[in-house]
2 protein chains.
Amino acid sequence: MSATIKDIARETGFSTATVSRVLSGKTGFFSSKTAVIVNETAAKLGYKKNMAATELVTQKSNVIAVIVNSTKTNFSDQIISGIQKKADEAEKRVIILYAGDRDERAQKIALSTALERPILGILLLAVDLFPSNLEILTFSNTPFYFISISFKNNKLNYISSNDQEIGYQATKYLITQGHKNIGIAGLNITNSAHTGALRFKGYQKALHEAGILFKPDWLQTGDYSYKSGITALQKYYLKKDVTAVIAASDLVGIGILNECSRLKISVPTELSIITTDGTSLCELVRPQLSSITQDFYRMGYLGTTYLINSVQSNAYTNIVISQRQSVKKFNDFDH
Amino acid sequence: MSATIKDIARETGFSTATVSRVLSGKTGFFSSKTAVIVNETAAKLGYKKNMAATELVTQKSNVIAVIVNSTKTNFSDQIISGIQKKADEAEKRVIILYAGDRDERAQKIALSTALERPILGILLLAVDLFPSNLEILTFSNTPFYFISISFKNNKLNYISSNDQEIGYQATKYLITQGHKNIGIAGLNITNSAHTGALRFKGYQKALHEAGILFKPDWLQTGDYSYKSGITALQKYYLKKDVTAVIAASDLVGIGILNECSRLKISVPTELSIITTDGTSLCELVRPQLSSITQDFYRMGYLGTTYLINSVQSNAYTNIVISQRQSVKKFNDFDH
DNA sequence: ATACTTAGAGCAAACGTTTACAATAGATAT
DNA sequence: ATATCTATTGTAAACGTTTGCTCTAAGTAT
């Protein structure tokens, strides 16, 4: 077992109170001579503060628990970077907990692990909590914020992109490039977190404004996965109707891209693709995928700021269009 | 503040001892009638065990701290899956800490965060600890294991692939495919963790056994990054000498692949590529990258097993050759 | 000389658990 | 009737910290 303040107290002859004050920098309660002695002894004994004890007595904690899906949401890293940055600035610590992949039990374990010890609060990264688990969380009185997920219900705090705007901007961009038959693929529009529904709404709005009549085949729902991209493209291929498609995630985009490659459909010459997310994956594939790029880093940074300052409010982070190589102007004369 | 066993004791009229025994399932110490009353009251009051208090008194913990680099080591997820699996089986909890990217201070913070609270032990995923931090860790008496990194010094416990074997197998595979001028790119051969040095050694051994004389240009060192792949390919391009290259990571492989695409070098027709790692990235790009595939999941699983059972030993996990689309038989007559 | 302040230090309670030990009552064995 | 055992419960100490309160001695103001 590691040395405790009692050991230091015994060794130096001071009381544990004085040792504690020196070690936790409660200046004004001890002479500098005392401080030197205590600190030296602490170093000599290899003293490590026992945070469990501290948190027990102070009833507060400096650790933020971050709960993430183990599913390959490849943007989590960016969010976590933002979280780490802000946490570091505020002298807070962060621990990350994996909550499985839409796994009720795993979610519950992660939640318990967090709630069963003193923490500052919880940040949930793109995790769509099961109702039972959401109840546990709300009932616990621990502050929490959802990141990269929004809710109709404004009772819950979240920091995310404006998903309707994502759908709208993506669609509008393709329209300005001359496209009229525009698919939207890989998204889930029934989800309780309604990310997909909002994007679809924005998509429809843009279509409507441009006087384009939506055709049901253009919507290919999915679960934001690589596989969703593949099956979506296969559907589009049957009709040979759409000239551009909005992918619900970078992985969906790559699924579409690779299936195009298999079917000898040239991107962007025959089909334009714009994805949603804009992580580094977009620049790893050829052609590079154009994207609606979300500011994941900022989501993490802002969410952490809100948590630390107890800001009871929602926020949207900016989105931006990153033009790369997968969208081409559509010109009727070409056909 | 959440309800405590004292609240339950007061409410039910039992002592905290009895409540504690019921709540932590110390069967044989209470009647089933008592158990029912206590459990109901606990549920009613929304009781959550305070692990900090438990860990304080029992002097033990069921949490495993996993320290990872924030750098895009895209295989960490697989390792973590393995860790989670084993931890779950053994009823242990896991918390993940980010240690920045070769950042001494961030490493130290992550380490302190782990060491300052009761934990079972530490798993370090591909993190190459600064000497000062390694000292902190060893001095702490907390058990720890390195995963995906090996050491000359057998004082340190690790679970990894046999890196010399990786170099050897990759090279031998290319030789059996008819290649003689084989590059090896993106690896660091001075690293204290000597992963790169071992791979290079295996590579040389295979070359030697085949009677091939190594040319210094064939070795293009780097830091396992995408960028390393790009610059390596540029070097090879100048000499137009190698017909196949071993990439030190999937990202290096993709860097090489993309630079080939820019320079109109056809893969695998003009250049074969085999990467080391074999994560899902290999199947995301076109052509898909053949790889020496490591069993990251098993590394995590095994490392956790060792940690839990205090096995003081090292282990290698298996590697396997995954043939995809980036290696082609080399035939002198073609040229 | 007296009263008051202050710097530096210690005492002891508190945080929420667990658990060795003690206590009680009823049951069983002799 | 006595001794022994068992099932259930309680008492209290312990884990490592922090901190309100108290104490002492020296310094300052009057």
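Labels below follow one simple rule: chain letters A, B, ... track the order of the sequence lines, proteins then strands, and each chain is numbered from 1.
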Considering residues at least two apart in sequence or located in another chain, which fulfil the side chain to side chain donor-acceptor pair (under 3.5 Å) criterion with [X]?
X        : answer
A/Ser148 : none
A/Asn50  : none
B/Ser140 : B/Thr142
A/Asn157 : A/Gln312

Of B/Ser15 and B/Ala53, the one whose closest DNA chain D nucleotide lies more 5': B/Ser15
Taking only side-chain N and O atoms of [X], does any of them lie within less than 4.0 angstrom of OP1 or OP2 on [N]?
X       : N      : result
B/Lys6  : C/dC15 : yes
A/Thr4  : D/dG16 : no
B/Gln59 : D/dG16 : yes

Whole Å only: how far is the [atom1] atom of [X] from the [atom2] atom of [N]?
X       : N      : atom1 : atom2 : value
B/Phe14 : D/dA12 : CZ    : P     : 19 Å
A/Lys48 : D/dT17 : NZ    : C1'   : 16 Å
A/Arg10 : D/dG16 : CZ    : P     : 11 Å
A/Ile8  : D/dG16 : CD1   : P     : 12 Å
A/Leu45 : D/dG16 : CG    : C1'   : 15 Å
B/Asn62 : C/dT18 : CG    : P     : 12 Å
B/Leu56 : C/dC15 : CG    : P     : 14 Å
A/Asn50 : C/dC15 : CG    : P     : 18 Å

List every contact pair, protein side and nucleotides 18-26 of chain D side both N or O, where the distance is under 3.5 Å.
unit_1, atom_1, unit_2, atom_2, d
D/dT18, OP1, A/Lys49, NZ, 3.1
D/dT18, OP2, A/Ser20, OG, 2.4
D/dG20, O6, A/Arg21, NH2, 2.7

Does the side chain of A/Asn188 pick up a donor-acceptor pair with the side chain of A/Thr190 at under 3.5 Å?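 A pair is found: one side chain offers a donor N or O, the other an acceptor, under 3.5 Å apart.
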Taking only residues two or more places apart in sequence, or in another chain, which ones meet A/Tyr306 in a ring pair (Phe, Tyr, Trp, His ring centres under 6.0 Å)? none
A/Ile5 backbone acceptor or donor facing A/Arg10 side chain under 3.5 Å: no
By the side chain to side chain donor-acceptor pair (under 3.5 Å) test, which pairs, at least two apart or in different chains, include something from residues 79-91 of chain A?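 For residues 79-91 of chain A, and leaving out neighbouring residues, the side chain to side chain donor-acceptor pair (under 3.5 Å) pairs sorted by first residue read A/Lys85-A/Glu89, A/Asp88-B/Arg105, A/Glu89-A/Tyr301.
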Hey, can you pull the residues of residues 30-39 of chain A with a non-hydrogen atom under 4.0 angstrom from DNA chain C?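 Within residues 30-39 of chain A, the residues near DNA chain C are A/Phe30, A/Ser31, A/Thr34.
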side-chain hydrogen bond (donor to acceptor under 3.5 Å, both in side chains) between A/Gln78 and A/Thr279: does it pass, once the steps are laid out? CA-CA 9 Å; A/Gln78 291 178 56; A/Thr279 69; 5.2 Å; no
Pairs involving residues 52-68 of chain A, ordered by first then second residue, that meet salt bridge (Lys or Arg N to Asp or Glu O under 4.0 Å) (sequence neighbours left out): A/Glu55-B/Arg117
Just list the side-chain donor-acceptor pairs under 3.5 Å for residues 37-46 of chain B, sequence neighbours left out, or say none.
unit_1, atom_1, unit_2, atom_2, d
B/Asn39, ND2, B/Ala35, O, 3.1
B/Thr41, OG1, B/Ile37, O, 2.7
B/Lys44, NZ, B/Glu11, OE2, 2.9

Would you work out how much the helix from C/dA1-D/dT30 to C/dT30-D/dA1 bends between its ends, with each end axis defined by five base pairs, to 10 degrees? 50°
Residues in salt bridge (Lys or Arg N to Asp or Glu O under 4.0 Å) with A/Asp295, at least two apart?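 Residues passing salt bridge (Lys or Arg N to Asp or Glu O under 4.0 Å) with A/Asp295: none at all.
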